[in-house]
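Note sheet for the following structure.
Just so it is clear, the values below take in all heavy atoms, side chains as well, and ignore hydrogens, waters and symmetry mates. Chain identifiers are assigned alphabetically (A, B, ...) following the order of the sequence lines, protein sequences preceding nucleic acid strands; residue numbering begins at 1 within each chain.
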Amino acid sequence: MNNRREFLSRAGALTAGGLAARLAPISLLGLGATANAQAAPDYKALVCVFLYGGVDGNNLVVPIDAATYAQYAAVRTVASGVNLTQAELLPIQPQASGPYGLHPQLSEIHPLFAAGKLAILANVGPLNEPTTKANYFAKRPDNLFSHSDQQNQWQSAVSSGASASGWGGRIADAMAAQNTNFPVITSIAGSALFTAGGSTTALALPAAGGLALQGFNGGAAANARLAAMQSILAADRDNAYVDAAAGITTQALALSSVVNPILSATNSSVQALFAGQTSSIAQQLLQVAKLIEARAQTGARRQVFFVSLGGFDTHSNELTTLTNLLGQLSPALRSFYDATVQLGVAGSVTTFTLSDFGRTFQPASGAGTDHAWGNHHFILGGAVQGGRMYGSYPTLARAGPDDADTSGRWIPTMAVDQYGATLARWFGVSEPALATIFPNLSRYSISNIGFLA
Amino acid sequence: MPPRSAPAPGSTSSSGLPRASIPRTHADTCVDDRTLPVRPDSFCARDNYTLFQLQLQFFRNALAQPDQLRQRVAFALSQIMVTSGVDNARNYAMRDYQQIFLDRAFGNFHDVLAAVTLSPVMGDYLDMVNNNKTNATAGTDPNENYAREILQLFSVGTYLLNADGTRQLDASGKALATYQLAEIKGFSRVFTGWTYPTVVGVNARNNNPRNYLGPMLAVDANHEFGTKVLMNGVVAPANMTMAQDLAFAHQNIFNHANVGPFIGKQLIQKLVTSDPTPAYVARVTAVFDNNGAGQRGDLRAVVRAILLDPEARGARKIDPAYGKLVEPALYMTSIARATNAATDGVFFRGSSNSLGQFVFYAPSVFNYYPFDYVVPGTQFLGPEFGIQTSTTAINRANVANSLLFSNAIAPDATVFGASGTQLNLAAYQAVALDAAALADRLSANLLGGRMSPAMKGAIVTAVNAASATDGLARARAGLWLVMTSPQYQVQR
C-alpha cells in the first residue's frame, strides 16, 4: 500500500493539504509543471518485449553450416512439420562463430545484425545458480516447464519461491529519483510481474488511443463531481482491496492529463514509420515511441517499457503460427528501431525480448513442440554491440550434453539474472543496487555479458 | 457447327457470357450483405462464425434468466477450464462448450472434468485432438499440452496442498511439487488417439478434420497402449481400452487430495472473497471430499458450503483483507441490475473488451487473470487485480458514464433486432432533490448500507452542485459517484 502513497505524495494529490487540493482539477495536481521542461539530454529507455507462450528459439536461430544443420534436421524432420529448410533461413555470420540463419519472417530486423545493432543471447533462462546436467534436477527452478511459473521467473529473476516484484519494477525503484514525477515504468500490455516494483507502481496505458476520463465539460456541477470522486477515492482505505483499487484509479487520473495528449496526438513524427501495421505489437511499440518522443512533456529521464505479443505456445501448427506472429514482430521491431533513429535516441534505447521458456527440440504430435527451458533472445538498439552471438548455443542432440531430458530441453548456460544485470548496468543502475535487483547475481562469475557498450 | 443463335434478351450478353444483371443464387441465405437496414442474415459471418451472438446472449441471460446461481457457477468453472474465442471463434462450438458448465454447475466435478476432456473444443484448444502416439518415422512424440494443463489448471495445481489450501513443505521448508515431467509424459500418452467426431456423410479417418459437434472419438491406431506413470505413484496398466485408460486417468486426478482445496478455493475466490482463510478453504474441502452422503466432488454441496459459510455470511466483513474486486462482466451486470436495465447485450459485450474481460475470449488458458495474483503492495490474493490497470480503471468510470449520462444506449444498426440498453433511474430520481436522501438510498441499494460519512459528505456536496430542480441530473451524479467508487467495485 505504501507504493501508491509514495506516488501520490510525489504527485501532490494528498499532501498539498486539505480540501482545496482535492478540489483542484486533475491538471493542477502537480504534473503539469513538467510540461514545458526541456528534453533532458541524459535519457535512456529499456523496452521489454515479452513473447507470451514460450517462443521456439530453436526455430528463431538455426545453425546453417552443413554438419550442424544436419543435426537440426535429423530431429526436426520435414515429416514432423516443424522443420525450417536451410535455404529459407536468413543467413547471419556472428563474429567468431559458425554461420546461423534467422527465421525467414525476421527479414526486417535481419539486416540490423550485420549492421551491428542486433545481438543474440543464446540459451538463457531462469536458474537458481550455475547449473549442469549433473546437478540440474536438484538445482532446477520451481515448477520447471510451467507457463505461469517460468513467466514469473523470467520477469522476477527469482526462480525459487514467490517474488512480489519484477526486475523491471525494481530497476524502476532504483532509478525513481531520475524522474520528476512521471513513473519510470510504463506497461502498454497490462499488468505484469516484470513491472511491479517494491516502492513504485507501473503506469499501464492502452495499446492504442488515449486515456481520459469522459463526461467532464468543465462546468461547475461536473467539477464538483470530479472533486467528489477524488474525495471518495481518498476515503475508506481501511480495506486492502478498496485501497488498492483506489490507488490505481487515483494514479490513472493524475497521469491521464499528461499522457492523454501525447497518446491521442495524431501528428507524431514517428507515426508514419508504422504505417500499414495493424498488429497489436506494432501499436504498442508506436505508443512507446510516442512517449519517448514526448519525453520533454513527461519529464522522464529513465523509462522502462513493457510490451507483449502472445500466442507463441506452439504445441501444434508451429510453422504457421510462427510465420504469422514473427511476421508481426519483425516489422514492428524494425519500425520502432527506425523511430529511435529518427528521434535521435537510437543509442539511448535498448529493446530486448523475454519469453516463458524455449521449446523442446523434439517435435510433438500435431506439428508442434512442448514446453522446455533455455531459449535464445534478441537485443536491439544503437548501443548494442551487435553482429554477435553471446552465450553458448546448445548442442542439438536429444539426451545430449545440454538436454535436461530426452526431448531437447536445454539447460540454460546463462541466467536471466546475468541478462537483466547487463541491461540494468547500461541503464545506469549502481553496482549496489544491482545486487538488490538481482539478489542471486553474485552466484555467477559474469555479471556483464557485454552486449551493451 | 451451326452459328449460335442470338441470345434471348436478359439471359446472356453479346459475348455469350451470362449477364451480370440476373440476381445470383446463393448457396444459402448467409449472404453477409451489409446494406442497411439489416436483415437477420446481414452479418451472417459475424453472427454465426464469431462468438458475437453468444456474447450478447451471455449478458441477456445474466440479467434476465432466473437461474442466477447456476450461471455464476458456470461462468466461474469456465474461467477455470478455459477455452477461448481467440483460437476458436465458431459460435456453435463455444456454445456447446459453455453448456458443459451450465449443465453440470450443480453436478459432480468428475463429470465436468470428463466432459471437458472429451470436448473437441478443448481438444483443439490444448492439442489433445489428433494427438497421436509416438511416430518413429516422423520423429514425433505425444503432445504434452493437455496433460500439463489438466493437472496444473483444471484439477490439482503444481504444489501439493493441505486440505486448507496451504502448501505442503519438505523438511527444509520448500514447497513440494504435485508432479514431475514423468507424470506429464504419462498423461500425455493417456491423451493419445482421440479425434474429432466424424462429419456426417464423410468417411471416418484416424485423424478426422475439424468438427465440434459431439465428443471426440477414440481411434485405437493412434493410442499408446503401454503403461503410463500417473500421480501418487500409480502406474496405469497396459492394454486397457481407450475408454478405460481415460477413465483410469480421470479417477487418478479426481481422487487426488489436491482437488478439493485447489478447486474449492478458486470457487470461493470467484463467488465470495479473494483471499479466504485456510479454515474456510478447509471447510469447503471437507464438503468436496464428502458431501455428507459419501459422495466426492458434489458441486451442489460445495457451492452451498461456500455460500453458507460463516465467512461468507459476515464473520469477516470488516477484515481489511476481506472482499473481492468485482470482475468486469459482473461489474456491468451489477450496474444494470441496480438500475433495472433493459438490454440487448450489445453495449456490455463491447465494454467487456475495454475492461479487460472480453467474454469467452480469454487471452490464454490462464484466463483473464491468474487465480494466485497478489495485489501489488500487499500480501493478499486478488485475482481480478490482474486486469485492473490505469487503463481499465478509467474505462470502468467511462462505462458508468456512458450508461448513466446518456438517455439510452441506442440500438446498434448492424445488429438485427437490436434494442439498445435503457436504464431506469426512477427509484433514485424520486428522492434526488434531497441529496442526503439520495445518498441514503444509494447506500442501501448499492453498498449494503455501508456508505461512510466521508463518502456521503462528498456525494451530498456534488449532488447539490447540480441543478436543485433537475432530479435526473442529481440522480446521475450520485449513481456515477457510487458506481465509480472502489467502495462499490469491491464486493464485501
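With a 4.5 angstrom heavy-atom cutoff, B:Arg396 does not touch chain A via any of its atoms. With a 4.5 angstrom heavy-atom cutoff, A:Leu144 touches chain B only via backbone atoms. Residue contact with chain B, scored on non-hydrogen atoms closer than 4.5 Å, involves the backbone and the side chain of A:Ala235 alike. Only the side chain of B:Glu149 has a heavy atom closer than 4.5 Å to any heavy atom of chain A. Interface remark: B:Pro142 contributes backbone atoms only to the contact with chain A (heavy atom separation under 4.5 Å). Interface residue A:Arg409: only side-chain heavy atoms are found under 4.5 Å from chain B. With a 4.5 angstrom heavy-atom cutoff, B:Asn132 touches chain A via backbone and side-chain atoms both. For B:Ala175, no part lies under 4.5 angstrom from a heavy atom of chain A. In this structure, no portion of A:Ala222 lies under 4.5 Å from any heavy atom of chain B. Of the two parts of B:Tyr179, neither the backbone nor the side chain holds a non-hydrogen atom closer than 4.5 Å to a non-hydrogen atom of chain A.
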task = Please lay out, stage by stage, how B:Phe380 and A:Tyr241 fare under the test side chain to side chain contact (heavy atoms under 4.5 Å, CB included).
result = CA-CA 9 Å; B:Phe380 305 125; A:Tyr241 300 105; 3.6 Å; yes
message = As a quick check of understanding, evaluate side chain to side chain contact (heavy atoms under 4.5 Å, CB included) for B:Ile394 and A:Thr249, giving each step before the final call.
response = CA-CA 7 Å; B:Ile394 285 195; A:Thr249 306; 5.5 Å; no
ask   = Do A:Phe145 and B:Leu181 pass the side chain to side chain contact (heavy atoms under 4.5 Å, CB included) test, and can you show the C-alpha distance, the side-chain angles, and the key distance before you say yes or no?
value = CA-CA 8 Å; A:Phe145 317 126; B:Leu181 197 51; 3.8 Å; yes
request  = Decide side chain to side chain contact (heavy atoms under 4.5 Å, CB included) for A:Ile248 and B:Phe385; before the verdict, give the C-alpha distance in whole Å, the side-chain angles of both, and the deciding distance to 0.1 Å.
outcome  = CA-CA 10 Å; A:Ile248 292 166; B:Phe385 279 91; 3.8 Å; yes
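You'll find the side chain of A:Met229 stays beyond 4.5 Å of the side chain of B:Ser485, heavy atoms only. Residues B:Asn131 and A:Ser365 are in side-chain contact: their nearest non-hydrogen atoms beyond the backbone lie under 4.5 Å apart. Proximity of B:Trp480 to A:Arg225: side-chain heavy atoms (C-beta onward) are separated by under 4.5 Å at one or more points. Looking only at side-chain heavy atoms (C-beta outward), B:Pro486 and A:Arg237 stay at 4.5 Å or farther from each other. Within the 4.5 Å cutoff, side-chain heavy atoms of B:Gln180 are placed close to those of A:Phe137. Contact check for A:Ser191 versus B:Gln388: no side-chain heavy atoms found under the 4.5 Å cut-off. A 4.5 Å side-chain heavy-atom check between A:Asp313 and B:Ser364 finds every atom pair outside the cut-off. Between B:Thr389 and A:Ser187 there is no side-chain heavy-atom pair separated by less than 4.5 Å.
Remark: the backbone N or O of A:Ile232 is paired with a side-chain donor or acceptor of B:Gln487 at under 3.5 angstrom.
Shortest non-hydrogen contact noted between B:Ala138 and A:Thr77 is O-OG1, 2.7 Å. What you find for B:Val375 and A:Ala244 is that their closest heavy atoms are CG1-CB, 3.4 Å. Taking each heavy atom of B:Ala465 and A:Ala224 in turn, the nearest pair found is CB-CB, 3.3 Å.
Among the candidates B:Gln489, B:Gln152, B:Gln379, B:Lys133, the residue making the largest number of heavy-atom pairs closer than 4.5 Å to chain A is B:Gln152. Chosen from B:Ser402, B:Gly457, B:Ala466, B:Gly323, the residue pairing most often with chain A at heavy-atom distances under 4.5 Å is B:Gly323. Your options are B:Ala393, B:Ser390, B:Ala462, and the one with the most heavy-atom pairs under 4.5 Å with chain A is B:Ser390. Contact count versus chain A (heavy atoms, under 4.5 Å) is highest, among B:Thr137, B:Asn398, B:Asp275, B:Val490, for B:Asn398. Per-residue heavy-atom pair counts under 4.5 Å with chain A were compared for B:Ala473, B:Gly478, B:Ser467, B:Ser274, and the maximum is reached by B:Ser274. Counting heavy-atom pairs closer than 4.5 Å to chain B, the top residue among A:Ala74, A:Ser148, A:Gly310 is A:Ser148. Here B:Leu381 is the residue among B:Leu126, B:Leu381, B:Val86 with the most heavy-atom pairs under 4.5 Å with chain A.
Between the side chains of A:His315 and B:Asp127, no donor-acceptor pair of N or O atoms lies under 3.5 Å. For the residue pair A:Ser407/B:Glu144, the side-chain donor-acceptor check at 3.5 Å is not satisfied.
Between the CG atom of A:Asp243 and the OG1 atom of B:Thr378 there is a distance of 9.0 Å, given to the nearest 0.5 Å. One distance of note links OH of B:Tyr125 with OG of A:Ser316; it measures 12.0 Å at 0.5 Å rounding. Going from atom CZ of B:Phe405 over to atom CZ of A:Phe216 covers 7.0 Å, rounded to the nearest 0.5 Å. Between the CG atom in B:Asn135 and the OG atom in A:Ser80 there is a gap of 10.0 Å [rounded to 0.5 Å]. Expressed to the nearest 0.5 Å, how far CG of B:Asn395 lies from CG of A:Leu213 amounts to 10.0 Å. Note that OG1 of B:Thr158 and CG of A:Asp149 are 5.0 Å apart. Values are rounded to the nearest 0.5 Å.
Here B:Arg148 does not pair with A:Asp370 in a salt bridge; the nearest charged N to carboxylate O distance is not below 4.0 Å.
Within 6.0 Å of CG on B:Leu176 lie more than 12 heavy atoms contributed by other residues, nucleotides or ligands.
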